[in-house]
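Below is one structure, written out as structure tokens; the observations come after it.
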Amino acid sequence: MAHYKAEQDDWLLVYLKYLLFVFNFFFWVGGAAVMAVGVWTLVEKSGYLSVLASSTFAASAYILIFAGALVMVTGFLGFCAIIREDRSCLSTYFCLLLAIFLVELVAGVLAHMYYQRLSDELKQHLTRTLAENYRQPGAADITISVDRLQQDFKCCGSNSSADWQHSAYILSQEAEGRRVPDSCCKTVVARCGQRAHPSNIYKVEGGCVSKLEQFLADHLLLMGAVGIGVACLQICGMVLTCCLHRRLQLHFY
């Protein structure tokens with residue numbers, strides 16, 4: 001016949017429960033932070049995604065949102081498992097922690113792979129986008145992204161404002177004599193792009209490529225730092241979960 005020892009008689013069990021409870025709280029907060037970073041990436045910075053050649057950056061953000069939501073749901077399960085001292089719930093909690101850890105590992109690998117080829121992709125794709133797609137039929141999203149990019153980062157052209165000399169838009173009659181788009185201007189007014197003087201347009205060394213590259217690198221670093229922080233918490237949580245599960249098992253004899 002199973003006999004359960006009273007909780008107050010086992011200080012280690014009490015210690016493990018409270019320790020896992022504190023961990024679970026920070027884990028839940030971490031999940032909210034992970035999801036917030038992912039949502040912020042897609043909502044606030046989605047305007048730049050159209051000028052990127054691949055969807056890896058967006059995919060990493062979606063993975064963070066999914067992982068963050070799963071963390072928050074898992075956190076609630078963890079609270080229930082700790083309070084009820086249910087070994088089956090603890091086992092499920094451990095499996096979910098492991099699954100989230102693997103998801104975040106995949107996101108981290110994707111971000112690292114993307115960072116390695118970030119510079120080459122930007123130089124090749126952004127230059128081609130400015131020349132071939134800006135203000136062209138069916139490319140409204142790209143046009144908006146490029147205009148926002150140049151205004152937000154105070155830059156003009158892929159590597160320099162001279163890149164616009166090869167643009168299909170600038171070479172067309174639609175440009176109305178503009179040498180650069182109006183979004184290159186420090187103060188945007190109609191046809192301000194007709195005057196490509198440094199006092200009128202942004203002349204930044206390295207152009208928009210260097211600015212966007214730094215932005216994406218910083219953002220990937222933030223995503224990676226949040227992911228690593230939560231992953232470290234998860235390892236501690238899995239160890240504590242195993243210890244508590246084993247301790248509860250020993251109480252039945």
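Any value given below was found using the heavy atoms of this structure, including those in side chains, with hydrogens, waters and symmetry copies removed.
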(request) Please name the pair of heavy atoms, one in Lys186 and one in Pro198, separated by the smallest distance, quoted to 0.1 Å. (result) NZ-O, 2.8 Å
(message) Quick check on the hydrophobic clustering: are Trp40 and Phe66 connected, directly or via other members, by side-chain heavy-atom contacts under 4.5 Å?
(response) yes
(message) As an exercise, state the distance from CZ of Phe215 to CZ of Phe153, rounded to the nearest 0.5 Å.
(response) 5.0 Å
(message) Quick one, Leu20 and Leu90 - any side-chain contact, counting heavy atoms below 4.5 Å?
(response) yes
(message) I need the Asp147 CG to Tyr134 OH distance, nearest 0.5 Å.
(response) 3.5 Å
(request) Any chance you could measure Asn159, atom CG, to Thr127, atom OG1, to the nearest 0.5 Å? (result) 5.0 Å
(message) Any side-chain to backbone donor/acceptor pair from Ser183 onto Gln150? Under 3.5 Å, distance only.
(response) no
(request) Rounded to the nearest 0.5 Å, what's the gap from NE2 on His166 to CG on Leu171? Could you check? (result) 9.0 Å
(message) Keeping Glu132 on the side-chain end and Ala168 on the backbone end, is there a donor-acceptor pair under 3.5 Å?
(response) no
(request) With sequence neighbours left out, write down each residue that passes salt bridge (charged side-chain N to carboxylate O under 4.0 Å, His left out) with Asp182, or none if nothing qualifies. (result) Arg178
(request) Grab the two heavy atoms, one from Gly31 and one from Met72, that are nearest each other, plus how far apart they are. (result) C-CG, 4.1 Å
(message) In this structure, would Val239 and Phe94 fall into the same cluster of hydrophobic residues linked by side-chain contacts under 4.5 Å?
(response) no
(request) If a pair satisfies side chain to side chain donor-acceptor pair (under 3.5 Å) and one of its residues is in residues 21-30, list it, with sequence neighbours excluded. (result) Asn24-Tyr93
(message) Counting the benzene-type ring for Trp, do Tyr169 and Trp164 have ring centres under 6.0 Å apart?
(response) no
(message) In the structure I gave you, are the side-chain heavy atoms of Val209 and Ser158 within less than 4.5 Å of one another anywhere?
(response) yes
(message) Using 0.5 Å steps for rounding, measure from the CG atom of Asp141 to the CG atom of Asn133.
(response) 11.5 Å
(request) Say whether Leu77 and Val73 are linked into one hydrophobic cluster, either directly or through other cluster members, by side-chain heavy-atom distances under 4.5 angstrom. (result) no
(request) With sequence neighbours excluded, give me every disulfide bond (SG atoms under 2.5 Å apart) pair touching residues 144-185. (result) Cys155-Cys208, Cys156-Cys184, Cys185-Cys192
(message) Count I, L, V, M, F, W, Y as connected when their side-chain heavy atoms are under 4.5 Å apart, and connections chain through other members. Are Val39 and Val71 then in the same cluster?
(response) yes
(message) Under the rule for side-chain hydrogen bond (donor to acceptor under 3.5 Å, both in side chains), what residues qualify as partners of Thr74, not counting sequence neighbours?
(response) none
(message) Within the 4.5 Å heavy-atom criterion, are Gln194 and Arg179 side-chain neighbours or not?
(response) no
(message) Tell me the closest heavy-atom pair linking Ile201 and Ser161, and the distance in Å.
(response) CD1-CB, 4.0 Å
(message) As a quick check of understanding, evaluate side-chain contact (heavy atoms from CB on, under 4.5 Å) for Val204 and Lys211, giving each step before the final call.
(response) CA-CA 9 Å; Val204 180; Lys211 293 276 192 176; 3.7 Å; yes
(message) Check this for me: Phe26, atom CZ, are more than 12 non-hydrogen atoms of other residues, nucleotides or ligands nearer than 6.0 Å?
(response) no
(request) Please round to the nearest 0.5 Å and tell me the distance separating atom CG of Leu149 and atom CD1 of Ile144. (result) 13.5 Å
(request) Check disulfide bond (SG atoms under 2.5 Å apart) between Cys89 and all other residues, then give those that pass, not counting sequence neighbours. (result) none
(request) Verify the cluster assignment for Ile170 and Val188: are they in a single hydrophobic cluster under the rule of side-chain heavy atoms below 4.5 Å apart? (result) no
(request) May I ask you to check whether Lys203 and Ser160 show a side-chain donor-acceptor distance below 3.5 Å? (result) no
(message) Could you work out, with salt bridge (charged side-chain N to carboxylate O under 4.0 Å, His left out) as the rule, every residue matching Arg191, not counting sequence neighbours?
(response) Glu176
